[in-house]
Participant: 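Can you keep this structure in mind? I'll have questions shortly.
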Amino acid sequence: NQQAEEYAEALLNEEDASSLNGTADEEQTPTHTQPPLSSHLFASTEAREELLILLSETSGHFSTVGKTIPKWKVHANAAKFERQLDEKYGRLRPFITQYPEIETYLRNMQRKYNKGEFSPF
């Protein structure tokens, strides 16, 4: 807290000294000026047409047309399924995928345990 006060006091002293010496920053015109309208992005008709082509291709890739399923959606669902399997089984996933009957057995045991028909003790 004391350091902040000392810093603020030093800044005020510098401001006072610069205003007494006449070297205070006066309102100057900014060095950065806005470019003319013709140099803006997508100002030319060719640039706009190129943008429209790019956007239509991207839109066509990600939109569903008709009854066909887009390839990106198939890959996204496959990745989601793989992630869910990893979250569900963890290190046991290779074992469970190699022997799927174990998963069925575990589900049946979980159902029986929830109904109260099975107790591990």
Side-chain angles (χ1 to χ4, degrees):
N1 194 12
Q2 184 181 5
Q3 290 178 344
E5 290 176 7
E6 290 173 0
Y7 179 71
E9 188 176 331
L11 285 177
L12 288 174
N13 290 338
E14 286 181 18
E15 271 186 23
D16 292 338
S18 65
S19 64
L20 291 175
N21 294 336
T23 60
D25 291 334
E26 298 172 3
E27 297 274 336
Q28 296 179 356
T29 58
T31 57
H32 181 320
T33 59
Q34 286 212 342
L37 185 59
S38 62
S39 67
H40 279 269
L41 190 60
F42 306 119
S44 68
T45 55
E46 294 86 17
R48 277 185 248 138
E49 288 174 2
E50 185 179 339
L51 174 68
L52 289 175
I53 290 170
L54 175 72
L55 292 178
S56 65
E57 289 175 355
T58 306
S59 172
H61 179 72
F62 286 108
S63 63
T64 306
V65 180
K67 295 183 178 183
T68 60
I69 299 174
K71 290 180 182 178
W72 70 268
K73 196 175 267 190
V74 171
H75 289 292
N77 286 337
K80 178 181 174 185
F81 180 73
E82 293 289 324
R83 181 182 49 81
Q84 287 174 342
L85 284 178
D86 284 339
E87 290 173 357
K88 188 174 184 179
Y89 298 118
R91 292 183 178 186
L92 296 176
R93 181 174 173 214
F95 183 70
I96 297 292
T97 53
Q98 188 174 1
Y99 303 103
E101 61 271 7
I102 293 175
E103 181 183 9
T104 308
Y105 175 76
L106 289 174
R107 284 186 184 171
N108 287 336
M109 294 305 289
Q110 287 174 342
R111 285 188 193 114
K112 288 180 182 179
Y113 178 75
N114 286 337
K115 289 180 183 178
E117 298 174 3
F118 167 76
S119 175
F121 302 110

Participant: Do the side chain of Ser59 and the main chain of Leu55 share a donor and acceptor less than 3.5 angstrom apart?
Facilitator: no
Participant: When rounded to the nearest 0.5 angstrom, what is the spacing between CG in Leu92 and CG in Leu85?
Facilitator: 12.5 Å
Participant: Enter the distance from Gln84:CD to Asn77:CG here, rounded to the nearest 0.5 Å.
Facilitator: 9.5 Å
Participant: Measuring from Lys112:NZ to Asn114:CG, what's the distance to the nearest 0.5 Å?
Facilitator: 13.0 Å
Participant: To the closest 0.5 Å, what do you measure between OH (Tyr89) and CG (Leu106)?
Facilitator: 8.0 Å
Participant: For atom CZ of Arg91, is the number of surrounding heavy atoms from other residues, nucleotides or ligands below 6.0 Å larger than 12?
Facilitator: no
Participant: Can you tell me how far CZ of Arg83 sits from CD of Glu87, rounded to the nearest 0.5 angstrom?
Facilitator: 5.0 Å
Participant: Should we say atom CD of Glu82 is surrounded by more than 12 heavy atoms from elsewhere, each under 6.0 Å from it?
Facilitator: yes
Participant: Using a 4.5 Å cut-off on heavy atoms from C-beta on, say whether the side chain of Tyr105 contacts that of Met109.
Facilitator: yes
Participant: Hey, what do you get for CD (Glu103) to NZ (Lys88), rounding to the nearest 0.5 Å?
Facilitator: 5.0 Å
